[in-house]
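Report on the following structure.
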Amino acid sequence: MINIFSKFSSQLFVGLGWTILSSVIALFFSLIIGTIFAIMEVVPSKVMRVIGHAYVEIMRNIPLLVITMFFYLVIPMYVVKINGFTAGTIGLTLYTSAFIAETIRSGIQSVSGGQMEGARSTGMTYWQAMRYIILPQAFKIVIPPLGNQFVNLVKNSSVLAFVAGFDLMYQANSIASATFDTINSYLVVGVLYLIVTLPISYYMRHLEKKLG
């Protein structure tokens with residue numbers, strides 16, 4: 001394992017960089033998209049609730065690889081040319097956003113209904129109350145499951161290997177093919193994934209205790 005790392009360290013760190021970049025981009029946009037659809041699932045408008053629920057159910061129940069391959073194969077053929085990294089990151093973003101939406105929705109519904117009523121009675125609109133009163137409390141409630149989603153997102157970024165995304169798993173496949181040392185190639189990559197995911201887990205745990 002040490003021999004693999006020392007010999008291919010530059011290649012592995014390139015893969016690590018692409019993995020982190022994809023994860024950060026997907027995390028940022030999936031949090032925004034997930035929050036929007038979570039709100040849509042609880043608003044008074046029945047049409048918006050149906051749209052929000054439909055999006056979440058569709059994205060949650062289609063495998064991540066299928067979503068990614070759709071953007072990698074279909075979109076370039078009929079819409080616009082995109083590379084494997086972009087296709088993988090878009091797929092990862094949409095897939096993760098559905099789970100984040102459900103997580104945030106549960107947090108919103110955990111907040112007492114009296115909070116919304118009290119905010120509205122002071123003259124706030126529904127959206128002002130949601131932004132300033134409900135969402136801050138909801139996010140505080142769902143920090144642990146959100147942390148799990150962030151860790152899952154990093155691990156799921158390995159889907160980029162299927163679309164030439166040059167991530168860690170792609171580099172592991174390349175190294176294993178070149179050296180025929182499959183076990184050590186994937187062991188090294190597993191350690192690198194741990195280096196990324198463990199700090200996230202510990203930080204989210206610390207944040208949970210701090211806010212709790």
Side-chain angles (χ1 to χ4, degrees), residues 19-20 22-68 88-159 193-194 196-212:
T19 292
I20 293 174
S22 175
S23 299
V24 170
I25 294 172
L27 171 59
F28 177 77
F29 286 105
S30 64
L31 192 56
I32 293 173
I33 296 170
T35 301
I36 291 171
F37 279 98
I39 295 172
M40 288 178 66
E41 287 192 281
V42 298
V43 296
S45 170
K46 184 177 181 180
V47 174
M48 292 186 72
R49 289 201 308 271
V50 169
I51 293 172
H53 185 69
Y55 172 84
V56 169
E57 289 303 312
I58 290 171
M59 288 299 167
R60 285 176 66 197
N61 290 289
I62 296 178
L64 172 58
L65 183 57
V66 173
I67 298 173
T68 301
T89 304
I90 292 173
L92 188 60
T93 298
L94 296 179
Y95 181 78
T96 306
S97 69
F99 290 91
I100 288 179
E102 277 298 276
T103 301
I104 295 175
R105 178 195 59 78
S106 67
I108 291 173
Q109 293 181 331
S110 297
V111 177
S112 170
Q115 298 280 335
M116 176 61 79
E117 294 172 7
R120 295 296 300 276
S121 67
T122 64
M124 284 187 175
T125 65
Y126 179 88
W127 298 107
Q128 287 175 329
M130 181 63 71
R131 177 180 177 183
Y132 295 109
I133 306 298
I134 306 301
L135 282 180
Q137 297 181 70
F139 274 108
K140 186 176 179 180
I141 292 169
V142 300
I143 282 176
L146 271 183
N148 292 334
Q149 291 301 331
F150 296 163
V151 171
N152 287 336
L153 186 153
V154 175
K155 294 186 293 185
N156 287 339
S157 67
S158 60
V159 74
Y193 272 113
L194 281 175
V196 176
T197 57
L198 283 179
I200 297 174
S201 297
Y202 284 121
Y203 175 73
M204 296 306 294
R205 204 170 299 166
H206 168 73
L207 190 61
E208 179 186 356
K209 291 179 180 178
K210 184 178 179 180
L211 294 177

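Please read all numbers here as calculations on a predicted model, not as lab measurements.
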**Prompt:** Going through the distances and angles, do Y55 and I33 end up as a side chain to side chain contact (heavy atoms under 4.5 Å, CB included)?
**Reply:** CA-CA 11 Å; Y55 172 84; I33 296 170; 3.7 Å; yes

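- In this structure, the side chains of V111 and I133 stay at 4.5 Å or more apart for every pair of heavy atoms.
- If you take OG1 on T35 and CD1 on I104, they are separated by 3.5 Å, rounding to the nearest 0.5 Å.
- A distance-only check finds a donor-acceptor pair linking the side chain of Q128 to the backbone of T125 [under 3.5 Å].
- Rounded to the nearest 0.5 Å, atoms OG1 (T197) and CG (N152) are 10.0 Å apart.
- Applying the side chain to side chain contact (heavy atoms under 4.5 Å, CB included) criterion to S30, with sequence neighbours excluded, gives T93, T96, S97, I100, L153.
- By the neighbour-count criterion of 12 heavy atoms within 6.0 Å, atom CZ of F139 is densely surrounded, having more than that number from other residues, nucleotides or ligands.
- Under the 4.5 Å side-chain criterion, counting only non-hydrogen atoms from C-beta, M130 is in contact with M116.
- Between atom CG of residue L146 and atom NZ of residue K140 there is a gap of 15.0 Å, rounded to the nearest 0.5 Å.
- Using a 4.5 Å heavy-atom cutoff, the side chains of W127 and V43 are in contact.
- For the pair E117 and R120, the salt-bridge criterion is not met [side-chain N within less than 4.0 Å of a carboxylate O].
- Separation of atoms CE (M124) and CZ (R131) is listed at 10.5 Å; rounding is to 0.5 Å.
- Residues V142 and S106 approach most closely at CG1-OG, 4.2 Å, considering heavy atoms.
- The salt bridge (Lys or Arg N to Asp or Glu O under 4.0 Å) check on R49 picks up nothing, with sequence neighbours excluded.
- Using a 4.5 Å heavy-atom cutoff, the side chains of L64 and L92 are in contact.
- At least one side-chain heavy atom of I200 sits less than 4.5 Å from a side-chain heavy atom of V154.
- Listed here is the closest heavy atom pair of G107 and A138: C-CB, 3.6 Å.
- The environment of Y126 atom OH is dense: over 12 non-hydrogen atoms of other residues, nucleotides or ligands sit within 6.0 angstrom.
- The two residues S110 and I141 have their closest heavy-atom pair at CB-CD1, 4.0 Å.
- We find the CD1-CG distance between I58 and L94 to be 11.5 Å, quoted to the nearest 0.5 Å.
- In terms of heavy-atom proximity, A98 sits nearest to R60 at CB-CG, 3.6 Å.
- Pairing each heavy atom of G52 with each of F37, the nearest pair is CA-CD2, 3.7 Å.
- Here the straight-line distance linking atom OG1 of T89 with atom CD1 of I25 works out to 5.5 Å at 0.5 Å rounding.
- Across all their heavy atoms, S23 and T19 have their closest contact at OG-O, 2.8 Å.
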**Request:** Given side chain to side chain contact (heavy atoms under 4.5 Å, CB included), test I39 with I134 step by step and report yes or no.
**Result:** CA-CA 10 Å; I39 295 172; I134 306 301; over 6 Å; no

